[in-house]
Amino acid sequence: MKPYHPNEIEPKWQAIWEATKTFEAKDFAKQPKMYIAEMFPYPSGYGLHVGHVRNFMIVDVLARFYRTLGHNVMRPFGYDTFGLPAENYAIKSGLPPQETTLTNINHFREQFKRMGMGVDWSREINTSDPEYYRFTQWIFKKLFEKGLAYQADNFQWWCPVDKTVLANEQVENGHCWRCGSEVEKKRMKQWFFKITAYADELLADIDELDWPEKIKTMQKNWIGKSVGAEVEFEVENTKTERKTARGKTRDLPTKIKVFTTRPDTIFGATFVVLAPEHRLISQLVTKNTRGEVEQYVTSALRKSEVERQESKAKTGVFTGSYALNPMTKKLIPIWVADYVLGSYGEGAVMAVPAHDERDFEFAEKFDLPIVQVIEGGGGEKCYHGEGALVNSGQFDGIDSAKAREEIVRELAKLGIGREKTTYKMRDWLISRQRYWGAPIPIAYDKTGKAHAIPDDQLPVLLPKISDYLPDDSGHSPLAKDKKFMKVVINGEEMTRESDTMDGYACSSWYLLRYADPHNSQQAWDKKKVDYWNPVDCYVGGDHAVAHLLYVRFWCKFFADEGLLGFREPVKKLLYNGYINAPDGKKMSKSKGNVIDPLDIVEQGYGADALRTYEMFIGPYDMDAAWSTEGLSGVHRFLNRVWTLTQEYLNAKNPAKTAKHRQMLLKLQHSTIKRVTEDLHRNSFNTAVAALMEMVNGLYKLKVDGFSKEWGSAIQALLVLLSPFAPHLASELFEQLGGDLNRATWPEWDEKYLMAETATVVVQVNGKLRGKLTVDAASLEDVAKLEKLAKKEPSVKKYLEGQTIKKVIVLPKNKLVNIVL
RNA sequence: GGGCGAGUGGUGAAAUUGGUAUACACGUCAGACUCAAAAUCUGAUGGCAGCAAUGUCGUGAGGGUUCAAGUCCCUCCUCGCCCACCA
C-alpha cells in the first residue's frame, strides 16, 4: 500500500492548477459571482510566517468552498509594494527598493503557490508598477479637480526617524506606526484628501455593514461626531493696554469662536480657554502678560504629545483680556491652556466648571468662579448630567435637553451662535517626504500655483536615483533630482511637486483594479467593477481604521463621480486573529521565533496539514498559539484519510451492500450537513472536527468490510475536505477515478438523518436521571413519552413517595422533565 | 477614566434558538503489532467518594429569573483589545 507522502503529491497538483488555469475567474459568467479577497500584503524581505498565512488560508478555504458550490469565484492576489515599510527594508539591505521589491514578490509568490492557494494569477497586482500607479495619480487628479485634494499649512505629525509627515491614522499614542519613535509637531505645507467631506456618510453607513462590531465601533469613535453649537464671545475692548512696542494701537480681535456640545450650560461659562496654538493669542496679551503667555505657549508647543498625555494636571496662564458672556453679560477672563486642543472645534472653549470635569479642575487650581446652572448630581461639585436649568435667567426650570435647542435659537437670533457638528476625524494627510511612493502629479508655476499634470503625461514616473535616503529638509529626495523636477506643461516651464503619496493611497482602490487589472486606458471598466464589486468577503487582521476607512471614502467619491454603482466597497468583513508563537508571544524576526510555512511543508507535514491545522486551531477571529503537537494531530488525521482510501481501493470484491448501510449513510449525510453549515457561518474549526468524526466513524465501520457504497461516502468526504486539504483530496479523488475539479459540493438528505430510534433524556427537577431509547414514531406521542419516563427504573426511584407537580415533554429536544 | 470582548478539563477548544456541559484534537495511561523502538491500530481519561453499580460537586465569584442557565438579568474579580483632556 502506498504511504501518504504530501511532498510527492502536492507539487503535482500545484503544477496542474497552474497549467490548466483552474482558478481564473470569468467576467460576467452566469453563475452568481463571489468575490473573496484578503488584505493584500506588503512583501517584506523576511517572507511569510505561519502567523501571516492564516489570513490567506481563510480566503482560500472560502473561495474553494464557494467555487465547488457553483459560484463564479474571483480570488485574486497582489502586493502592496509602495510605502514606508518596503522602503525602510530596502535601505536596511542597501539595495534599491525596485530590486528588493521584485525579489520579495518572487519569494512571496513562491510561498503562496506552495501552500496550494487557488489564486487567479492573471489578476496579480503590484502597486509600484507604473501601469498601476498611473491610475493612482489619475485618482489624485480627480480629487484635486473636485477640490478634495488640497494643500494646507499647519502643524503636522513629523516622524524624526522616518523623516516624513504622517497621517493622524498613522500615529499611535504619539508614536510612529512604523518605527515606533515619538512624533513631533511641525508646521509644514502639505497635501490632504478631504475625507471629512464624507464624514457624515461614512458614519451613517457603518450600521448597514456586515462587519465585526468591534471594527464598526472603532470607526465610529474615530469619526467622532459631536452635535453642538458654535458661539461667538465678544472680546472686551480695553484699548489703552494694547500698545505695541512701537506705541501703536493694534487691531483688536473682536470675537472668539468656541464650540460646545452643551449650549444649555452657557450661563455657567465663567471663563474662556484658548489652545496654545490659537491664532489670536498674540493680540490678546497685554504688556503685563505678554512675557508669561509667550513663554507658556512656547513650552506647551514644544511638549510632545506623549508628554501632554502623561500629565493631565492642568496648566495655563491668563491672557490679560476679557470676553463678554453673551447671556449673563458678565466679563469673563480669557486663559490659555494646553488642555484645549488646537485642532478640534474652534481651538477654544467656553469653560463651565460646574458641569465639565476638566473645566472644574482648572477652575479649582486657578481659583476661578464656579456657577451651577443645571440641577442634579446630588451634591457633587461637578455634574455633567442632564437636569433643569437654574441661574439661567429666562431659561430657569427648563430641562437641559430642551434648553439646548432654545438657547441655540436665542443665540442665532442674536446672530452670535448656530448649530454645529464637529468631527474628531481630520482630513487625510497624504504627502510624504519619502522616495518610495507614487509621485504626486502636480507642478507649480512661477507664482507657486499648483497645476495637475495632464493625463497624457501620466504616469509621472518615479525616477531611479542613487541617493534616495530621507533627510530633514522637509522634502522628498526627489527634490534633488533636477531633471525630474523640471516639467513643461502647455509650453510653460514648471517645477514638480517632489513629495510622494502615502502608501495607503495605493491600497485604497486595488479592490476595484482586481476586476479589470490589465486596462491600460482607464483605471477600470465600470461594467466589470459593477459586476465583481463590492467585495463579498474581505479578510484581514489589521487596519481597522486607516485602510478600511480610506477604502470606504474613495468608494463614495467614485460613486459620486459616476465611476461605479455602489457606495460601500466591502459587504462582509472577517477580521481574523493572530497565530502567535508557542509561548503566546507575537512572532517576529527580532524575537527569533518565526516559523516559516515552507519549513513545515518540507519537514514532511505538507501544505495540506498546515492549512487544515490553521483552520482547526480555533475560531478564526481569536488569537491562537502555534503548537507542533496540534499540527501533527491534523497530519495524523489526513494520513487516516489516505490510508482509508487505499484500503478501500485495495479491498478485494467489496460487498454490494454495506452491513451497516444506515449507519454509513447517516454518517455521510450528517457530515455533509455539518460541514456545509459550519462553512456558511465561518466556523472552520468545527467543520474540521466534523470531518475527523466522520473518519473515526468510518474506521469503526470498516471492521465489517467495505462495500461498493463506500465509494460515494469517501468521495463525499474528499469533496468536503477539499477546501482544507485540496492536494490530498484531488489526489485521492483521482485514484478513485474521478476529477475533483468537476465535482460539485455534496448535498445532504434529511431522510438519512432520521434515526429509527432516539434517545430521550429524562430529568427530575432539571437533573439528568435517566435515558430512554424509543422508536422514532414514539417521539410524536407526548403521553407515551411521559408514561415511559415515569416507568424507567433509574427515574422511578426518585418519584417514589413524591407528588409530581408538572411534567414537561419536549419531543423536539428529546427531553422529559418531571417537576416534583 | 470610558467603550468593547473574554473567563469552560492537564492543554487548544465544542455546545448554532435557554434543554444530555466538556464534541474534536493535543497530552497522559493501558493494550495490540514489534526482538525493540518509532509509526500505526484499539481502549480509558473533569474533581471527589467507591471494588463496582452508583452518588455527589462542577463552566472566574456571589446573587436572581426559570420546570430547566456555560447561555438571560444584577453585583463583583481577573485578563485582553481599542479609545483616552475631542469641550
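Note that these values count all heavy atoms, side chains included, but never hydrogens, waters or copies made by symmetry. Chain letters run A, B, ... following the sequence lines, proteins first and then strands; every chain starts at 1.
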Can you see whether A/Glu169 engages A/Tyr550 through a side-chain donor-acceptor pair at a distance of less than 3.5 angstrom?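 Checked: A/Glu169/A/Tyr550 side chains pair up, N/O donor to acceptor below 3.5 Å.
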
Are any of [X]'s side-chain N or O atoms less than 4.0 Å away from OP1 or OP2 of [N]?
X: A/Arg640; N: B/C41; value: yes
X: A/Thr686; N: B/A13; value: no
X: A/Asn685; N: B/A14; value: yes
X: A/Tyr613; N: B/C24; value: no
X: A/Arg636; N: B/U40; value: yes
X: A/Arg769; N: B/U56; value: yes

Please give, in whole Å, the distance from B/A14 C1' to A/Arg674 CZ?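 To the nearest whole Å, that distance equals 10 Å.
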
Closest to the A/Leu768 side chain: B/G19, B/U20, B/A23?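 For the A/Leu768 side chain, the nearest candidate turns out to be B/U20.
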
Base, sugar-phosphate, or nothing: which does A/Phe637 touch, judged by heavy atoms less than 4.0 Å apart?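 Touches nothing.
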
Looking for any heavy atom pair under 4.0 Å, which part of the strands does A/Asn696 touch: base, sugar-phosphate only, or nothing?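 Sugar-phosphate contact only - A/Asn696 comes under 4.0 Å of backbone atoms but never of a base.
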
Establish whether the base of B/C82 is bridged to the side chain of A/Lys214 by a donor-acceptor pair shorter than 3.5 Å.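 For A/Lys214, whose side chain was compared with the base of B/C82, there is no donor-acceptor pair (under 3.5 Å).
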
Walk me through it: do A/His635 and A/Tyr613 pass the test ring pair (Phe, Tyr, Trp, His ring centres under 6.0 Å)? CA-CA 8 Å; A/His635 179 256; A/Tyr613 171 58; over 10 Å; no

Would you check, one step at a time, whether the test side-chain contact (heavy atoms from CB on, under 4.5 Å) holds for A/Leu202 with A/Gln219? CA-CA 9 Å; A/Leu202 286 167; A/Gln219 292 216 350; over 6 Å; no

Rounded at 0.5 Å granularity, tell me how far OG1 in A/Thr422 sits from CD in A/Glu346.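 Atom-to-atom, A/Thr422:OG1 and A/Glu346:CD are 9.0 Å apart.
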
